[in-house]
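Inspection log for the structure reproduced underneath, given as structure tokens.
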Number of protein chains: 2
Amino acid sequence: MDDSVDRHIARWRGKAPFDERVEAIVTRMQFLVKHLAQAKDGALAAVGLQDFEYETLHWLGARGEGGRATPSELAAELKVSPAGMTGRLDTLEKAGLVRRIRSAEDRRRVDVELTSEGRAIWLKAMDLRGEVEDAMVGVLGPDDQDVLAALLKRMLLRMENPGRA
Amino acid sequence: MDDSVDRHIARWRGKAPFDERVEAIVTRMQFLVKHLAQAKDGALAAVGLQDFEYETLHWLGARGEGGRATPSELAAELKVSPAGMTGRLDTLEKAGLVRRIRSAEDRRRVDVELTSEGRAIWLKAMDLRGEVEDAMVGVLGPDDQDVLAALLKRMLLRMENPGRA
DNA sequence: GGAAAGTATTTCGCCAGCGAAGCTTTCGTC
DNA sequence: GACGAAAGCTTCGCTGGCGAAATACTTTCC
């Protein structure tokens, strides 16, 4: 059984010099991520959240009880520009899910923390999002999942540490 | 050695009910795709192309010599909305890389084809893009690449055929 | 002690993409 | 053969994100 990427590659096999293996991997990852974003949008609508809002709450929530972090930390972790993070936080703050606190000892800095409402919605949203992700990853058994995770990690390490051999 | 996803997961282990394996896989794919887009933007600048332009040329080029396809076919293949595809084609047509031809037998339809200039730039861009992708996927040996491609394909098949068991 | 360099965040102008509405052409049916 | 439904593409209004400049505060260096 072929997927859309197999068909794509077969169509120009021989027409251009290319590494089919690399192309297949990269294109499939792009499509999976896109599919996932679209599927999650639908699921998250049930709690009135968009994908980017969930993602931000999620990394804040991971920070622990207070759920504190500075905008620049979040921007770096989520691979978004600082300006983009300001926009996300504006939205979340307006919705009352997040609170900005100017730091006392260094007043250039801002700390962001989840409100209790933000935490509650985050927890609800995790279930919904989990179902969509499980539907995708669940086709693989636990062992295959471990293999996949390890392979992805090796690539991500390379991207996050360009200097490394 | 941990990547940013390991650190993220470790930080909220036990704080919320969650499948760590699934989370690790999904988040890593998202980051890899994002990293890749950012890295490719830089590389493609050398031929004055943006990522979405390259992607569109690439799927058109795969169609063969004339490089023909209708906007709706491309939109479906590239997982973009029809409106989005109109925008992409506008840009490419203005740049002279692509040509729109109203179909004679069904005048609702439009055929899109690469101009010779479009094909030339596409071929140049493929090299640049290939280097960036190789740098990422190249950490894996050929066998690992095959394993990875196969695992991704199983997931993508599921996403593209929701009915299937 | 005060200017200059540096750091953290926000503002501004712009762009690609989405959903919904609109336009044109074709098909199905009576 | 005419008329309503459907197909194919585009236009419109809006939104999230980016890069660059602006703002606000801190540290360094003479």
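Worth knowing before you read on, the calculation uses all heavy atoms, side chains too, and leaves out hydrogens, waters and symmetry mates. Reminder, nothing fancy here: chain letters follow the sequence lines and each chain counts from 1.
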Practice prompt. Would you mind reading off the distance between B/E105 atom CD and C/dC27 atom C1', rounded to a whole angstrom?
Written response: 15 Å
Worksheet item: Rounded to the nearest Å, what distance is computed from the CD atom of residue B/E93 to the C1' atom of nucleotide D/dC9?
Response: 13 Å
Worksheet item: So which nucleotide from D/dA24, C/dT9, C/dG17 ends up closest to the side chain of A/R108?
Response: D/dA24
Item to complete: Measure from the side-chain heavy atoms of B/P71 and tell me the nearest of D/dC9, D/dC18, C/dT9.
Response: D/dC9
Worksheet item: Starting at the 5' end of DNA chain C and moving along, which residue's nearest nucleotide shows up first, A/K34 or A/T86?
Response: A/T86
Worksheet entry | Comparing B/M85 and A/R109 on DNA chain C - which has the more 5′ nearest nucleotide | A/R109
Worksheet item: Is B/E73 paired with B/R68 through a side-chain N to carboxylate O contact shorter than 4.0 Å?
Response: no
Practice prompt. Using a 4.0 Å heavy-atom cut-off across all strands, classify A/R102 as base, sugar-phosphate, or nothing.
Written response: nothing
Worksheet item: Does B/R88 place a side-chain N or O at less than 4.0 Å from the phosphate oxygens OP1/OP2 of C/dG17?
Response: yes
Fill in: Interatomic distance, A/D51 CG vs C/dC18 C1' [rounded to whole Å]
14 Å
Worksheet entry | A/A83 vs A/A104, nearer the 5' end of DNA chain D by closest nucleotide | A/A83
Worksheet, complete the sentence: From CD of A/E53 across to C1' of D/dT15 the rounded distance in Å is 12 Å
Response to the item:
Taken to the nearest whole Å, CD/A/Q30 to P/C/dG17 is 13 Å
Fill in: Spacing of A/F52 atom CZ relative to C/dG17 atom P, expressed in whole Å
18 Å
Worksheet entry | Between CG on residue A/L152 and CG on residue B/L152, distance to nearest 0.5 Å | 6.5 Å
Item to complete: Go through D/dA24, D/dC18, D/dC9 for me and flag the one nearest to the B/S72 side chain.
Response: D/dC9
Response to the item:
A/L44 CG to D/dG16 C1', in whole Å, measures 16 Å
Worksheet entry | Candidates D/dG17, D/dC18, C/dT11 - which lies nearest the side chain of A/V80 | D/dC18
Item to complete: Look at the side chain of A/S81 and decide which nucleotide, out of D/dC18, C/dG19, C/dA16, has an atom nearest to it.
Response: D/dC18
Discussion item. Please classify the nucleic acid contact of A/T91 as base, sugar-phosphate, or nothing, using heavy-atom distances under 4.0 Å.
Written reply: nothing
Discussion item. Check this for me, if you would: do B/R21 and A/D144 make a salt bridge, where the nitrogen-to-carboxylate-oxygen distance has to be below 4.0 angstrom?
Written reply: no
Practice prompt. Tell me whether A/V139 is reachable from B/M159 by hopping between hydrophobic residues (I, L, V, M, F, W, Y) whose side-chain heavy atoms are closer than 4.5 Å.
Written response: yes
Item to complete: Identify whether any heavy atom of B/E73 sits under 4.0 Å from a base atom; if not, whether one sits that close to sugar-phosphate; answer base, sugar-phosphate or nothing.
Response: nothing
Worksheet item: For A/R107 and B/Q38, take the nucleotide of DNA chain D holding the closest heavy atom to each; which residue's nucleotide lies nearer the 5' end?
Response: B/Q38
Response to the item:
Out of C/dT26, C/dC18, C/dT11, minimum distance to the side chain of B/D106 belongs to C/dT26
Fill in: Pair B/K40 + B/E133: basic N to acidic O under 4.0 Å
yes
Worksheet item: Should the pair B/E160-B/K79 be classified as a salt bridge under the 4.0 Å nitrogen-to-oxygen rule?
Response: yes
Worksheet entry | Whole-Å distance separating the CG atom of B/D90 from the C1' atom of D/dC9 | 11 Å
